[in-house]
Amino acid sequence: MIRLESITRSFLLGKESVPVLNGIDLKIHEGEFAAIMGPSGSGKSTLMNIIGCLDKPTEGEYYLGGENVSHYNDKELARVRNQSIGFVFQQFHLLPRLSALKNVELPMIYAGISKKERQARAEEALIKVGLIDRMNHLPNALSGGQKQRVAIARAIVNTPKLILADEPTGALDSKTSKDIMEQFKELNEEGVTIIVVTHESEVAEYANRTIMVRDGRILSPSEGVRGQIE
Amino acid sequence: MSFMENLFMALSSLKAHKMRSILTMLGIIIGVGAVIIVVAIGQGGEAMLKTQITGPGNTIELFYQPSDEEIRANPNIFQQAPFKQEDIRALEQIPEIKSVVASSTKLSAIRFQEETGDVSTTGINQAYLKLNELKVAKGRNFSASDFLGGRRAGLVSNKLQEELFKGKNPVGNVVMVANQPIEIIGVLEKPTGLFAFGSMEVYIPFQTWKTIYGSSDFTQVTLQVASADQLQVAGKKAAKLLNNLHNTEKSYQVINMEEIAQGVGQITKIMTLIIGSIAGISLFVGGIGVMNIMLVSVTERTREIGIRMALGATRGQVLTQFLIESMTLTFIGGILGILLGWGTSTIVSFFAGWPALVSWQVVLGGVLFSMVIGVVFGLLPANKASKLDPIDSLRYE
């Protein structure tokens with residue numbers, strides 16, 4: 001499903017090139033529930049951006065579902081994000097002026113799906129996360145957990161193979177966090193590949209595999225490829 | 001992503017900042033409105049000038065411009081009326097000519113009891129009445145028998161009533177024009193219009209004029225034809241006929257009022273253009289206002305742009321979204337501006353007394369131009385939005 005081959009990513013700081021990721025090799029199979037952990041500054045956000053096709057590696061190859069996306073242009077990457085990846089963010093990132101239903105419809109607008117089908121599918125996704133009775137509410141009228149469930153509905157509505165969640169419970173209390181993680185687990189059981197970036201071990205426990213990132217490298221064993229340890 | 005989708009999105013985001021949107025539109029509204037007003041009043045003025053110059057319809061004026069030889073042979077030639085009664089009869093035979101309007105004007109002394117003054121006396125033929133509607137405010141107009149019998153009856157101008165009669169009704173009184181008695185049968189309406197200057201005038205039937213001044217010649221001849229496209233043919237035929245009759249080469253000529261009117265039209269066009277471009281500048285300033293607000297809006301919505309990009313919006317789609325938003329802003333502004341311009345020019349024309357012409361070309365031009373402004377001034381902000389980095393935008397607070 002996901003294959004990263006010696007991925008590096010450096011940023012220019014002034015004239016100096018500062019590496020954030022140093023040769024990442026990683027394989028994640030279809031249907032896995034993986035957690036990426038690591039202290040802040042370890043490069044896990046950058047890794048997640050690359051996996052999410054929001055960023056491009058400086059060097060190395062990235063295969064997503066068999067496609068080598070590392071040399072895709074902006075337009076192709078937008079299509080990949082739209083079709084193959086569902087995002088869930090710590091800050092929910094719902095559009096404040098749109099109702100829950102309209103927020104869930106957004107990815108389908110960019111997929112060019114007709115209005116009628118969009119509404120039907122958005123309602124279906126909201127039923128799945130148990131928020132159909134709140135579909136006409138604006139995000140402001142929803143609790144944190146409800147917002148995150150809308151975001152999950154938005155992430156799954158284009159039926160992507162991969163869901164990327166960046167600290168999905170970071171802004172929620174522990175009880176709600178549990179509900180949200182249960183939701184992810186349910187989705188995983190339906191066959192969706194899930195990658196969660198987190199620094200909470202309780203969250204990582206839901207995953208069946210934990211990938212540790214430190215100083216731009218992967219520490220734990222990953223499919224026989226061992227992250228280089230200093 | 002469809003255009004309608006974008007339009008609804010644009011409308012809802014404009015609605016989210018109602019006050020700001022309206023204030024931004026105001027620049028466009030005033031700009032478009034000003035252009036419409038200037039053009040409408042300019043075109044209305046031009047049309048009015050043209051009709052005032054060419055007269056009510058299908059007429060062409062004959063004039064006499066003697067050659068140097070004729071002037072040398074007869075130094076008093078300018079004192080003589082150039083059109084004889086036979087000329088008029090001959091002109092009436094030309095098939096294209098519907099009627100020959102002839103008149104003679106002379107300045108004479110006028111007296112009523114103790115009051116005296118100078119008056120412009122015009123002897124007119126019956127056709128004159130048909131063309132130059134002499135509207136009578138008091139008393140009665142000429143009848144056919146006045147012309148046939150050469151009655152000593154006259155219509156006087158409003159100005160004459162004011163000066164000679166101190167505003168009292170003169171109908172029925174007898175005045176002395178060039179020491180000959182004339183009975184006033186009516187007073188003309190006060191003249192209106194741009195070129196109307198009130199003066200002391202008396203109109204009398206030409207037969208009467210002949211008796212008073214002892215001359216049967218006309219100073220002015222205007223030809224009336226059935227339709228405008230016969231004007232040139234009839235005019236040329238008439239000039240040729242008169243030159244033949246008088247044995248002159250080209251002393252008798254026609255004035256083409258159409259050409260003069262076009263010349264005047266040119267002037268008003270240039271005026272309209274000048275004032276219109278000044279109004280256009282305000283439209284330009286309005287456009288800059290739109291750009292300014294759109295830039296603010298892009299900055300404010302950086303996070304929204306990041307979210308949309310993460311969900312699969314391409315840079316092109318983000319560009320389109322903001323372009324359509326600024327176009328919607330200026331389009332609505334343009335429509336409101338047209339309404340403002342149309343309303344204002346209608347009111348102005350009502351008080352100024354000349355028609356304001358809001359042509360569909362100007363309305364269409366206004367709408368299209370305001371949309372063009374939306375695109376031109378929306379391009380920079382939209383481009384800025386589309387160039388944002390999705391990662392940075394998602395993190396933007």
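Lettering of chains follows the sequences in order, A, B, ..., and the numbering in each one begins at 1.
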Where A:Y110 and B:G312 come nearest, the two heavy atoms and their spacing
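Answer, listing the atom of A:Y110 first, then B:G312: CB-O, 3.9 Å.
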State, to 0.1 Å, how close B:A310 and A:F89 come at their nearest heavy-atom pair, and which atoms those are.
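For B:A310 and A:F89, the tightest heavy-atom pair comes out as CB-CZ, 4.1 Å.
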What part of A:I113 lies closer than 4.5 angstrom to a heavy atom of chain B: side chain, backbone, both or neither?
neither
Is A:D74 in contact with chain B via its backbone, its side chain, both, or neither, using a 4.5 Å heavy-atom distance?
side chain
Mind checking whether [X] and [Y] have side chains closer than 4.5 Å, heavy atoms only?
| X | Y | answer |
| --- | --- | --- |
| B:M9 | A:K102 | no |
| A:R81 | B:M309 | yes |
| A:H93 | B:R303 | yes |

Does [atom1] in [X] sit with more than 12 non-hydrogen atoms of other residues, nucleotides or ligands closer than 6.0 Å?
| X | atom1 | value |
| --- | --- | --- |
| A:K56 | NZ | yes |
| A:E59 | CD | no |
| B:F284 | CZ | no |
| A:Y62 | OH | yes |
| A:E190 | CD | yes |

Nearest 0.5 Å please: distance from the [atom1] atom of [X] over to the [atom2] atom of [Y].
| X | Y | atom1 | atom2 | result |
| --- | --- | --- | --- | --- |
| A:R97 | B:K15 | CZ | NZ | 10.5 Å |
| A:L106 | B:R308 | CG | CZ | 5.5 Å |
| B:I391 | A:T46 | CD1 | OG1 | 7.5 Å |
| B:E304 | A:L98 | CD | CG | 7.5 Å |
| A:F92 | B:I307 | CZ | CD1 | 12.0 Å |
| B:S12 | A:L95 | OG | CG | 9.5 Å |

Can you tell which of A:K75, A:R154, A:Q91 has the highest number of heavy-atom pairs within less than 4.5 Å of chain B?
A:R154
Starting from the C-alpha separation in whole Å, work towards a yes-or-no answer on side-chain contact (heavy atoms from CB on, under 4.5 Å) for B:E5 and A:R118.
CA-CA 12 Å; B:E5 214 73 66; A:R118 276 201 324 250; 2.9 Å; yes
Which one wins on heavy-atom pair count under 4.5 Å against chain A: B:P390, B:G306, B:A313?
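The option with the most such pairs is B:A313.
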Looking at B:D389, B:L311, B:T314, which one has more heavy-atom pairs under 4.5 Å with chain A than the rest?
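Looking at each of B:D389, B:L311, B:T314 in turn, B:L311 comes out on top.
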